[in-house]
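Here is the structure we will look at.
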Amino acid sequence: MAPPVPGKRLIVTSSPPVLDALVIGAGPAGIGTALALAAVEDLTFGVLERGQIGQTFLDWPAQQTFLTPSFTGNGFGATDLNAVHPETSPAFSLGTDYLTGGQYAKYLRSVVKHFRVPVMDDAEVEAVQQCGDEFEVFSARGPVRARSLVWAGGEFSHPLTPRIPGAGLTTHSRDAEAWREHRGEVVVIGGYESGIDIACHHVAGGATVTVVDGEHPWDAQTGSDPSFRLAPRSRMRLNAALSTGRLRLVDARAVGVKRDGDAYVVRLGDGEALRSEEAPIAATGFGSGLGPVEHLFDARGDGWPELDEDDQSTLTPGLFLSGPAVRHGGLKFCFVYKFRQRFAHIARVIGERAGKDTSALEMWRTAGMLTDDLSCCGVECAC
Ligand SMILES: Cc1cc2nc3c(=O)[nH]c(=O)nc-3n(C[C@H](O)[C@H](O)[C@H](O)COP(=O)(O)OP(=O)(O)OC[C@H]3O[C@@H](n4cnc5c(N)ncnc54)[C@H](O)[C@@H]3O)c2cc1C
């Protein structure tokens, strides 16, 4: 096993000390929250990661890239959209605007090294229990105790498939299999970002693609929030794919998938049946992925974790959620530039409870990386 990254406040010994805060997951949410915790004076903390730093990005199929561009606007208060610390920029360190998963993992590793974030890798957290005011966390590399816990395990391990008969025959868009070269007809179920992304990929490879989605998200024109309408780059790619004549967008729900000899048949709600030689691709997104802390969160009516105004579990005080599963009312924090708004807020709540000086976190606000008042997030662009 690789040794932990040398840091100021190392963790996990044979008789573990009680940390002020423990973060689970070393993706952008976990590393970003840890960086904010590092700005709180004298706070003891660490990060446990089941694989390597940025593991999800290392697992991305090689063809996938970010859809939010990176750009070094930091000096003028427009911090790189994909940065997890106000003084960093993936565009600067990698010289790239639309990053691959491997490039983003490299950026995260460089941030961890530069700021000496104490991350322990190969340390999958298997169970968590609350003992009085503390959490006992059982990891593959031993137990850890902490007064506050931040779940930043991401959603990639929780792919959602359509709730229809035969869903098990589909390949999820997160899997490399869905991205390998497909010939002939390809059917994609789900027409939001990931569906349009993989459809454009296969059109570029020469296939004929049908995307089906009863909500026809490709048509969404209202609102400026990219969680509800296609990003500009996706729309440009969509238009280019449509112009080939080999992409069809169908406003209908898939109601079932079955085999017919060597072929697959996707039945639609309007009665049409789509045949393909390749397994249909389910671009149906991800669930909340709470893993070993699922029992410590209550669920909202729509299934997402119920949080208080500090992104803390309403069921388990001291347990915070950082990352794309954060929801407040109708707001979705599913991009890095959104969920990073909460790193410094969570760190401040944890720091103040521990009686520490949190004033250094104001730097996050100056850099446009701290939002306490969520009412401002609904602002629309005038034009
Ligand atoms: C194809 C694709 C394109 C995307 N494009 C963009 C984009 O352009 N812009 C954008 O902002 N977002 C984009 N996203 C979303 C973005 O990737 C996710 O929101 C982001 O990865 C979430 O970060 P995270 O740190 O919460 O989770 P992750 O990056 O998934 O990190 C979670 C970490 O936790 C670890 N972990 C999980 N369980 C455990 C456990 N039990 N014990 C220990 N460690 C554990 C995992 O190994 C992983 O390293 C995209 C997503 C996909 C799939």
Side-chain angles (χ1 to χ4, degrees), residues 22-35 46-70 80-84 90 97-101 103-105 107-109 112 119-128 137-141 144 149-160 172-176 178-179 192-198 200-201 226-227 230-234 283-294 311 320-326 332-343:
L22 179 68
V23 179
I24 303 173
I31 297 301
T33 307
L35 289 163
V47 182
L48 295 181
E49 164 56 47
R50 80 164 150 213
Q52 305 296 307
I53 294 161
Q55 185 64 53
T56 292
F57 294 89
L58 296 172
D59 292 341
W60 273 18
Q63 299 88 343
Q64 284 187 315
T65 64
F66 270 60
L67 59 99
T68 47
S70 274
D80 189 317
L81 286 181
N82 302 310
V84 295
D97 45 10
Y98 291 98
L99 307 164
T100 64
Q103 286 173 320
Y104 198 64
Y107 158 74
L108 291 177
R109 284 197 303 275
V112 164
V119 178
M120 182 167 280
D121 53 20
D122 292 325
E124 173 154 14
V125 171
E126 287 143 3
V128 175
V137 175
F138 300 92
S139 86
R141 297 183 68 176
V144 188
L149 192 62
V150 181
W151 174 256
E155 54 187 12
F156 202 68
S157 59
H158 188 174
L160 295 178
H172 197 272
S173 60
R174 71 161 216 165
D175 296 326
W179 292 81
Y192 189 49
E193 286 292 354
S194 58
I196 299 303
D197 187 12
I198 202 159
C200 293
H201 165 75
S227 295
L230 291 177
R233 182 163 170 265
S234 305
T284 35
F286 298 89
S288 54
L290 294 176
V293 295
E294 187 160 14
D311 299 356
F320 297 80
L321 175 63
S322 180
V326 171
K332 296 183 183 180
F333 289 73
C334 55
F335 289 97
V336 174
Y337 79 90
K338 291 182 172 188
F339 62 70
R340 73 181 184 184
Q341 295 296 324
R342 306 299 283 170
F343 299 160

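A quick note: this is a predicted structure, and the numbers were derived from the prediction, not measured. Both ligands and their constituent atoms are indexed starting at 1 by order of listing.
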Task: Distance, nearest 0.5 Å, that separates OG of Ser139 from CG of Asp122 - done: 10.5 Å
Which donor-acceptor pairs under 3.5 Å do side chains of residues 54-62 form with protein atoms, sequence neighbours excluded?
unit_1, atom_1, unit_2, atom_2, d
Gln55, OE1, Gln52, N, 2.8
Gln55, NE2, Asp59, OD1, 3.0

TODO: Would you mind reporting whether Val326 and Ser322 have side-chain heavy atoms less than 4.5 Å apart?
DONE: no
Task: Six-ring centre of Tyr98, Arg233 cation under 6.0 angstrom, axis tolerance 45° - done: yes
Task: Rounded distance [0.5 Å steps], CG in Leu230 versus CD in Glu193 - done: 5.0 Å
Task: Heavy-atom side-chain proximity of Ser157 to Arg50 below 4.5 angstrom - done: yes
One pair per line, please: each N/O atom of ligand 1 matched with every protein N/O atom under 3.5 Å away, atom names first, then the distance to 0.1 Å.
unit_1, atom_1, unit_2, atom_2, d
ligand 1, 8 (O), Leu67, N, 2.5
ligand 1, 8 (O), Thr68, N, 2.9
ligand 1, 8 (O), Thr68, OG1, 3.2
ligand 1, 9 (N), Thr68, OG1, 2.8
ligand 1, 11 (O), Val336, N, 2.6
ligand 1, 25 (O), Pro28, N, 3.2
ligand 1, 25 (O), Ala29, N, 2.9
ligand 1, 30 (O), Thr56, OG1, 2.6
ligand 1, 41 (N), Val125, O, 3.0
ligand 1, 42 (N), Val125, N, 2.9
ligand 1, 44 (N), Arg50, N, 3.0
ligand 1, 47 (O), Glu49, OE2, 2.7
ligand 1, 49 (O), Glu49, OE1, 2.7
ligand 1, 49 (O), Glu49, OE2, 3.2

